[in-house]
Engineer: 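Following this message is one structure expressed as structure tokens.
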Amino acid sequence: MFEFISQTFAAVQGWVFETAVQPLIFHLGLMAYVEDAHNAVATVLIGIIEIAVLCAVLKPLEAWRPVEQWGDRKAVRADVIYTWLHRLGVLPLLIFLLLVVPVSEFDAWLRMNDMVRPNIEDVIPGITRNGFAAFLITVIVIDFVEYVMHRLQHRFNWWWALHSLHHSQRQMSFWTDDRNHLLDDVLTSAGVALAALAIGVPSSQFVMAVIAARMIESLSHVNARIDFGWLGNRLLVGPSYHRRHHAIGAGHEGVYRGVNFATLFPVWDMLFRTADFTPGYQPTGIRDQLTGRDYGLGFWEQQWLGLQRMKNVLMGRPASP
Amino acid sequence: MPERVLKRYSEVRLEIFRIVIKNMNKNNKLQYSFVSLCAAVMVSVAGTAWAQVAFVLNSSEDTVSLIDTKTYKEISRNRVGREPHHLMATPDDKSLIVANVQSNDLVFFDPLTGAQQKRVDKISDAYQLGYSPDRKWFVAASLALDRVDIYSAADLKLVKRLPTPRGPSHIAFSADNRHVFVTLQNTNNIAIIDYIDQKVVATLPVGKQPAGIWVTPDDKHVLVGVMGADFVAVVDWRKRVLTQKIRTAPGAHNFLPMGDKRRLLITNRVSNSISIIDMTTLSVLETFKVPGGPDCMELTADGKELWVTSRWIQKVTVMDMETKKIKIQIPVGRSPHGIYIHAHAPRQ
């Protein structure tokens, strides 16, 4: 079955690439990047499939058991743009272009000096050479790195100035997952890329891990009354658990400047005492929005205000831009 | 014996072999020896049946596929190292070397059975590799790290690390046991390296994104597949001048000789075709279609089948060389690149 899916996907990817992409890069004189372009086609196709699945599964869920009903959905529109830009690879491409030079230079320097990166598949031969086991380890390690970075996003004021954009959505839906400041995206992507490099994640495993994570993250933002139950909430981040992270008065407050930071596995929150299993579906947003702080409605406005907030924090100015 | 019985016998043997190869632990010497013995017995019993395994490197999923060339079935697909691209036989033909770019190692296989023999570490970023004609030197081009490494062939100890302009890709040797030619994919040049004096002696412009490279049997010309264009550049390497462009088709990429010291195949990746070049007249004899971004090739010893990695569609395409039509396409792993069959046409 997996082989059938893989071959079908390869056939579609090959057709798109040979018909539309390869002739273009040939005429642009960019054939040195032909393999990268072929991979980029896969990214776009995967993104389209992801969005189709999200619309087919999560949209009906939001219609069936909505937490909130909105008459005006203007605030969601920007989130839809973020999602398309992300899943079609536009933002990942920008991030890749920014990161590819430093990351590959660092990797090249390591290999030039005969320092071969460790390989996750060689950690416990016999276990980790099993593809699924290696995939699971990859997901767990990357999820932990994301948990740590997420704590830092709330911990450092300058980083929170960017990350607060994600939390400022008061009409949270499955589209909200990709609503991030671009600079915030660059920082977190760099962290994940370096972690993947450090533990030696094969690129194919990395892509699979990212896809799996993105699907679960979209689900966890869904505007639907879905609770995984006592055990489920402790095994996997779900909508009710993650909604608490976005709740006004809980998502960025308290000793740890927030609760429920985990992306996929709540175990990290339980280990580091940041888990909050309070039942219910609270309104989402940031407390200062109640006193009139504006985080912007459109894509560019949100990006600009994020930079302003960060600049003010770094220059020690009052919080409001 | 009736043919169907023989066929069934062959299928059962194939299945046993597949299971054994798939489950063997390469770190267990006892098990490895047992499998090698079984394989040897199978080869002797089955005549050439087991001498016909095709190796295919799936560069994006770090695996090597073994394909039975009689049944066209994939026998196994196992992890080999990180990002394998090219492979070649040792000069004594007793081993097949797979070079893993990202894990900085070479893996040696029994070219008949596919059983792993050994792994050699610290051969960093070996994208393309080759032995000098006198078998004294082993040279590896490091595409990502912009250098060419020269090793002593006997013990694979590094002798010299030569920095080059960007993108050293494919390599070919002159017959004089002194020069190696390297395409520099990102600078539109080729480099001529004197590996005895261990220095780059010249760089020559040939065209956009040069890839495959081949030396004509008379040792006079270096042929270069110009991937960013539609021609093969002909270089008189002693005079160090580009003398001719042989028009093939867009995306001229990699070479394989047909074994008669005259005809040379070249894949044209963008146009999805393969051209046959006459190395004596330096002209195109024929061009035929091959789908899926044809990359590396292998021609069977009888010259009847051309096996081609179709990079963009995750398949190996087997061409019937009489009709120039597709005989069969075999699904393999992601981004299939290097390919090798032990019973191949002479490399000349």
Side-chain angles (χ1 to χ4, degrees), chain A residues 3-4 6-19 21-35 37-39 41-42 104-105 107-122 125-126 128-131 134 197 200-205 207-208, chain B residues 25-27 58-63 74 77-79 81-83 101-105 121-125 142 144-147 158 161 166-167 169 185-188 208-209 211 226-230 250-251 253 269-272 291-293 310-315 331-335 337:
Chain A
E3 188 63 21
F4 173 76
S6 171
Q7 290 296 333
T8 306
F9 183 83
V12 175
Q13 181 190 1
W15 182 81
V16 172
F17 179 72
E18 288 176 34
T19 310
V21 180
Q22 187 172 239
L24 182 68
I25 59 170
F26 178 75
H27 287 292
L28 291 173
L30 297 171
M31 283 297 284
Y33 304 99
V34 69
E35 278 90 20
H38 185 245
N39 291 336
V41 170
S104 49
E105 284 294 315
D107 182 39
W109 179 82
L110 287 176
R111 286 194 292 136
M112 186 75 101
N113 291 285
D114 282 328
M115 285 183 269
V116 180
R117 289 184 276 131
N119 197 332
I120 201 163
E121 289 172 313
D122 294 330
T128 43
R129 282 194 184 177
N130 173 303
L197 208 63
V201 179
S203 56
S204 53
Q205 297 271 9
V207 171
M208 293 292 287
Chain B
N25 178 355
K26 282 124 193 160
N27 296 324
N58 304 309
S59 58
S60 285
E61 65 171 47
D62 305 340
T63 59
E74 190 182 33
R77 192 187 301 175
N78 289 321
R79 213 176 78 78
R82 205 178 292 146
E83 216 181 301
V101 164
Q102 290 280 343
S103 48
N104 282 13
D105 54 14
D121 294 327
K122 295 191 175 179
I123 306 291
S124 72
D125 198 48
S142 171
L145 305 184
D146 300 332
R147 62 165 202 245
L158 183 66
R161 184 157 278 178
R166 287 180 59 225
S169 174
Q185 208 160 304
N186 299 330
T187 60
N188 305 340
K208 284 191 276 187
Q209 290 100 43
V226 181
M227 188 168 57
D230 60 353
H253 186 67
R269 278 172 99 172
V270 178
S271 73
N272 279 341
S310 290
R311 194 95 182 254
W312 309 140
I313 56 171
Q314 212 168 300
K315 286 183 170 63
V332 288
R334 278 190 297 282
S335 199
H337 197 176

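Just so it is clear: chains get the letters A, B, ... in the order the sequence lines come, proteins before strands, and each one is counted from 1.
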Engineer: Please state whether the side chain, the backbone, both or neither of A:F4 comes within less than 4.5 Å of a heavy atom of chain B.
Structural biologist: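 Contact with chain B is absent: no heavy atom of A:F4 under 4.5 Å.
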Engineer: Any idea which of B:R269, B:K208, B:K315 has the most non-hydrogen atom pairs under 4.5 angstrom with chain A?
Structural biologist: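 Between B:R269, B:K208, B:K315, the count favours B:R269.
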Engineer: Using a cut-off of under 4.5 Å on heavy-atom pairs, state which of A:H27, A:Q13, A:E35 scores highest against chain B.
Structural biologist: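 Of the options given, most contacts go to A:E35.
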Engineer: Which heavy atom of B:D121 sits nearest to which heavy atom of B:D105, and what is that distance?
Structural biologist: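 The pair with the smallest heavy-atom distance is OD1-CB, 3.8 Å.
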Engineer: Counting only heavy atoms closer than 4.5 Å, note whether B:D125 contacts chain A via side chain, backbone, both or neither.
Structural biologist: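 Backbone plus side chain of B:D125, per the 4.5 Å heavy-atom cut-off to chain A.
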Engineer: Any idea which of B:V332, B:D146, B:N186 has the most non-hydrogen atom pairs under 4.5 angstrom with chain A?
Structural biologist: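 The residue among B:V332, B:D146, B:N186 with the greatest pair count is B:V332.
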Engineer: When you measure from the side chain of B:E83 to the backbone of B:E61, do you find a donor-acceptor pair of N or O atoms at a distance under 3.5 Å?
Structural biologist: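 No, because the side chain of B:E83 does not come within donor-acceptor range (under 3.5 Å) of the backbone of B:E61.
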Engineer: Specify which of B:A229, B:S59, B:G333 makes the most heavy-atom pairs with chain A at under 4.5 Å.
Structural biologist: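 When all of B:A229, B:S59, B:G333 are compared, B:A229 has the most.
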Engineer: Would you check if A:F17 and B:I313 make a side-chain contact, meaning some heavy-atom pair closer than 4.5 Å?
Structural biologist: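 No - every pair of side-chain heavy atoms lies 4.5 Å or more apart.
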Engineer: Which heavy atom of A:I25 sits nearest to which heavy atom of A:A37, and what is that distance?
Structural biologist: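 Looking at all heavy atoms of both residues, the shortest contact is CD1-CB, 3.8 Å.
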Engineer: Quick one: what part of B:N272 sits under 4.5 Å from any heavy atom of chain A, side chain, backbone, both or neither?
Structural biologist: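 Only the side chain of B:N272 comes within 4.5 Å of chain A.
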Engineer: Locate the shortest heavy-atom distance separating B:Q209 from A:A32; write the atom from each residue and the value.
Structural biologist: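 Minimum heavy-atom contact is CG-N, 3.5 Å.
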Engineer: Given a strict heavy-atom distance threshold of 4.5 Å, which part of B:A211 is in contact with chain A: side chain, backbone, both, or neither?
Structural biologist: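 For B:A211, neither part sits under 4.5 Å from chain A.
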Engineer: Which answer fits A:V41, side chain, backbone, both or neither, if we ask what part of it has an atom under 4.5 Å from a heavy atom of chain B?
Structural biologist: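 Interface part for A:V41: neither.
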Engineer: Below 30° counts as parallel, above 60° as perpendicular, anything between as tilted: where do the rings of B:W312 and A:H38 land?
Structural biologist: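 Ring orientation, 0 to 90° scale: tilted.
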Engineer: Which bit of B:V101 comes within less than 4.5 Å of chain A, counting heavy atoms only: side chain, backbone, both or neither?
Structural biologist: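 Both the backbone and the side chain of B:V101 come within 4.5 Å of chain A.
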Engineer: Have B:R311 and B:S335 got a donor and an acceptor in their side chains that come within less than 3.5 Å?
Structural biologist: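 Yes, because at least one side-chain N or O of B:R311 sits under 3.5 Å from a partner of the opposite role on B:S335.
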